[in-house]
Amino acid sequence: MTLPWLCVLACLCIHGLAAPGNETNVAPGGRPTQSSNSRSAGRAVDGETGDKDSCAVTDSENDPWWSLDLREKHQIWSVRITNTDGDPRADIDGAEIRIGDSFRNYGNDNPRCATVTSIGLNEVRSFDCGGMQGRFINVVRRGRRKRLTLCEVEVFAQPLFLIRAC
């Protein structure tokens, strides 16, 4: 190894996997998309909760989905979803939260973190993902002629590897 490379290595700190407890909501820095745009996918990560006008909504369709590209691989500890306070048709029951690195089938084939059994109107529910790793967070409602409504999605995670100046 030459002297310039030794200097570079001496000036970098490499951080690997982190334990839970220091994670932050990384959703606002991601790129949201969804299967159709009745109301924009970005509304689910805009920091506004509860108001039905601040929710991401798909059209009524087969297997509607919403995806968040975190732009790099993260260790995901939990996903928190807020339901609307005013639209009883905003049904999210039965949706699956999926996490992984593949965007094949829009990311809907990635490993499952949790299934949303029920979230009442104006309720917030957290789903433990136990440190799953991935770049994409997906919420998909499987079935015919369904809608997906997400008023806020928060993803508590940490980047897997960071290289920073010491």
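Small disclaimer: the values here were computed from a predicted structure and weren't measured. Atom set for the values below is all heavy atoms of this structure, side chains included, hydrogens, waters and symmetry mates excluded. One is the number of the first residue; the rest follow in order along the sequence.
Rounded to the nearest 0.5 angstrom, Ile99 CD1 and Gln133 CD are separated by 10.5 Å. Atoms OG and CZ, on Ser60 and Arg147 in that order, are 8.0 Å from each other to the nearest 0.5 Å. Rounded to the nearest 0.5 angstrom, Leu70 CG and Ile76 CD1 are separated by 6.0 Å. Within the model, atoms CG of Asn108 and CZ of Arg112 stand 12.5 Å from one another, a figure rounded to the nearest 0.5 Å.
Scored by the side chain to side chain contact (heavy atoms under 4.5 Å, CB included) test, Arg144 finds Asn62 as partners (sequence neighbours excluded). Residues that satisfy the side chain to side chain contact (heavy atoms under 4.5 Å, CB included) test with Ser118, not counting sequence neighbours, are Asp93. Residues satisfying the side chain to side chain contact (heavy atoms under 4.5 Å, CB included) criterion with Arg80, sequence neighbours excluded, are Val124, Ser126, Glu154, Phe156. Residues passing the salt bridge (Lys or Arg N to Asp or Glu O under 4.0 Å) test with Asp109, sequence neighbours excluded: Arg104.
When atom types are taken as modelled, the side chain of Trp66 and the backbone of Ala41 share a donor-acceptor pair closer than 3.5 angstrom. In this structure, the side chain of Asp59 does not engage the main chain of Glu61 through any donor-acceptor pair within 3.5 Å. Listed for the Asn138 side chain is no donor-acceptor partner under 3.5 Å among the backbone atoms of Asn110. The closest donor-acceptor contact from the side chain of Asn25 to the backbone of Val155 lies under 3.5 Å. Without hydrogens or angle criteria, Gln158 side chain to Thr24 main chain gives no donor-acceptor distance under 3.5 Å.
Sorted by first and then second residue, the disulfide bond (SG atoms under 2.5 Å apart) pairs with a member in residues 94-127 read Cys113-Cys129; sequence neighbours excluded.
Inter-residue side-chain proximity for Trp77 and Asp128 is flagged as unmet; no heavy-atom pair is nearer than 4.5 Å. Side chains of Leu160 and His74 form no contact here, defined as non-hydrogen atoms less than 4.5 Å apart.
Through chains of ILVMFWY side-chain contacts below 4.5 Å, Tyr106 is grouped with Trp65, Phe103, Phe136, Val140.
Arg125 pairs with exactly one of Thr117, Asn83, Thr82 by the side-chain hydrogen bond (donor to acceptor under 3.5 Å, both in side chains) rule, that one being Thr117. With respect to Leu148, the side chain to side chain contact (heavy atoms under 4.5 Å, CB included) criterion is satisfied by exactly one of Ser36, Pro64, Ser35: Pro64.
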Take Arg141 and Asp63, measure what salt bridge (charged side-chain N to carboxylate O under 4.0 Å, His left out) needs, and give me the verdict at the end.
CA-CA 5 Å; Arg141 283 190 79 208; Asp63 302 326; over 6 Å; no
Could you please spell out the steps behind the salt bridge (charged side-chain N to carboxylate O under 4.0 Å, His left out) verdict for Arg135 and Asp69?
CA-CA 6 Å; Arg135 173 179 169 175; Asp69 180 355; 2.7 Å; yes
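Salt bridge status for Arg142 with Glu96: present, with a side-chain N to carboxylate O gap under 4.0 Å.
Residues Pro32 and Gly42 approach most closely at CG-CA, 3.6 Å, considering heavy atoms.
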